[in-house]
Amino acid sequence: MKFTKMQGLGNDYIYINCFEEHLERPEELSRKLSDRHFGVGADGLILIGPSKTADFKMEMYNADGSSGEMCGNGIRCVGRYVHDRGLTDQETITVETGAGIKTLRLHVEDGKAKKATVDMGEPILEPEKIPVLGGGERFIARSVEVGGREWTVTCVSMGNPHAVIFVPETEALNLAEIGPLFEFHPLFPNRINTEFVKVLDGETLQMRVWERGSGETMACGTGACATLVAAVLNGFCKRSGTVRLLGGTLQITWDEGDNHVYMTGPAEFVFDGSIAD
Ligand SMILES: N[C@H](CCC[C@H](N)C(=O)O)C(=O)O
């Protein structure tokens, strides 16, 4: 089976073209191939295939085989793949995801869709839809005890669930220790992606992320969107800003007019390969 390795800000996935390949158990394949010693090595697996309701369909699996409703860095790479490999000649495309149909505007340079602006849709703030237990209208700046200490948490869904925590510094945090305690906390029935964020100024945020199903990654597109929304809700940031991640930066805007979040960032090919039978 052929695959293509791609990455968005170092958030790397194995892409399978399901117009050409057929696979049975994607969860198992993701677990096997994501392993950075016994497999290809990636944060997960992304399937690109036909859709009845959009131009393409994207299915995303984390490194542990669990499926994510949406992947921001991944969908930009889907845009690059389908454009540069000739599956479309459009520069605006729609992709069916587990979080609904998303529209991408590809930024084509020398015939390559190196960047894309993705309409990530409206943030979901009702706790029961995130989901996070605890009721109420919204889950903003609430104190949660995790790992024996109190954290101030704001929860936002971009179709997938995020807990955003503002901290004075991000470097010193031991994500390998605290990340799983959030991910598997009983407050989050579907687990959670957790972002630890330092506000650099009113339009610049610095973020590390412990992803549900993949651990700490170099970047998280949906997480960057959730982070900008949480920063606005807490009064820390304007509605348009730069999110600095380990792997690079994303431009995020939470549009006042249509309440949609827009994310702009890069998409890169790494290599093509084939999986030994
Ligand atoms: N781990 C996430 C899916 C991948 C999201 C991330 N890689 C992105 O770029 O948005 C989840 O289980 O919801």
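It should be emphasised that the depicted structure is a prediction, and the values quoted were computed from it without experimental measurement. When a ligand or atom number is given, it counts from 1 through the structure's own listing order.
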Are F166 and F236, when compared by the centres of their aromatic rings, separated by less than 6.0 Å?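 Yes, the ring centres sit under 6.0 Å apart.
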
Looking at the rings of F182 and W151, which for Trp means the six-membered one, are their centres under 6.0 Å apart?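 F182 vs W151: aromatic centres under 6.0 Å.
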
Numbering the atoms of ligand 1 from 1, which are under 4.0 Å from a heavy atom of [X]?
{"X": "M70", "result": "3 (C), 4 (C), 5 (C)"}
{"X": "G72", "result": "8 (C), 9 (O), 10 (O)"}
{"X": "N73", "result": "8 (C), 9 (O)"}

Should the proximity of [X] to ligand 1, defined as any heavy atom under 4.0 Å, be assigned to the side chain, the backbone, both, or neither?
{"X": "M60", "result": "side chain"}
{"X": "N62", "result": "side chain"}
{"X": "T222", "result": "both"}
{"X": "Y13", "result": "side chain"}

For the side chain of K114 and the backbone of G111, is there at least one donor-acceptor N/O pair under 3.5 Å apart?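 No; judged by distance alone, with no hydrogens or angles, the pair does not exist.
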
Without swapping roles, check the side chain of N17 against the backbone of F19 for a donor-acceptor pair under 3.5 Å.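 Flag set: sc N17 to bb F19 pair under 3.5 Å.
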
According to a hydrophobic-cluster definition based on side-chain heavy atoms being under 4.5 Å apart (Ile, Leu, Val, Met, Phe, Trp, Tyr only), do I165 and L187 belong together?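 Both belong to a single hydrophobic cluster.
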
Is there any N or O on [X] that sits under 3.5 Å from an N or O of ligand 1?
{"X": "G221", "result": "yes"}
{"X": "N193", "result": "yes"}
{"X": "N11", "result": "yes"}

The single option from K5, K2, R85 passing salt bridge (charged side-chain N to carboxylate O under 4.0 Å, His left out) against D272: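 For D272, the salt bridge (charged side-chain N to carboxylate O under 4.0 Å, His left out) check succeeds only for R85.
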
Would you say C220 touches ligand 1, if touching means a heavy atom closer than 4.0 Å?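 Yes.
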
Any non-hydrogen atom of C71 lying under 4.0 Å from ligand 1?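 Right, C71 reaches ligand 1.
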
What protein heavy atom sits nearest atom 4 (C) of ligand 1, and how far off is it?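 The answer is E211 OE1, 3.3 Å.
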
Can you find a side-chain donor-acceptor pair between E122 and N259 that sits under 3.5 Å?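 Result is yes, a qualifying pair exists.
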
Indicate yes or no: does E268 engage R80 in a salt bridge with an N to O separation below 4.0 Å.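 Counted as a salt bridge, because a side-chain N and a carboxylate O are separated by less than 4.0 Å.
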
Using a strict threshold of under 4.0 Å (side-chain N to carboxylate O), is an ion pair present between R212 and E183?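 So E183 does not pair with R212 through a salt bridge.
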
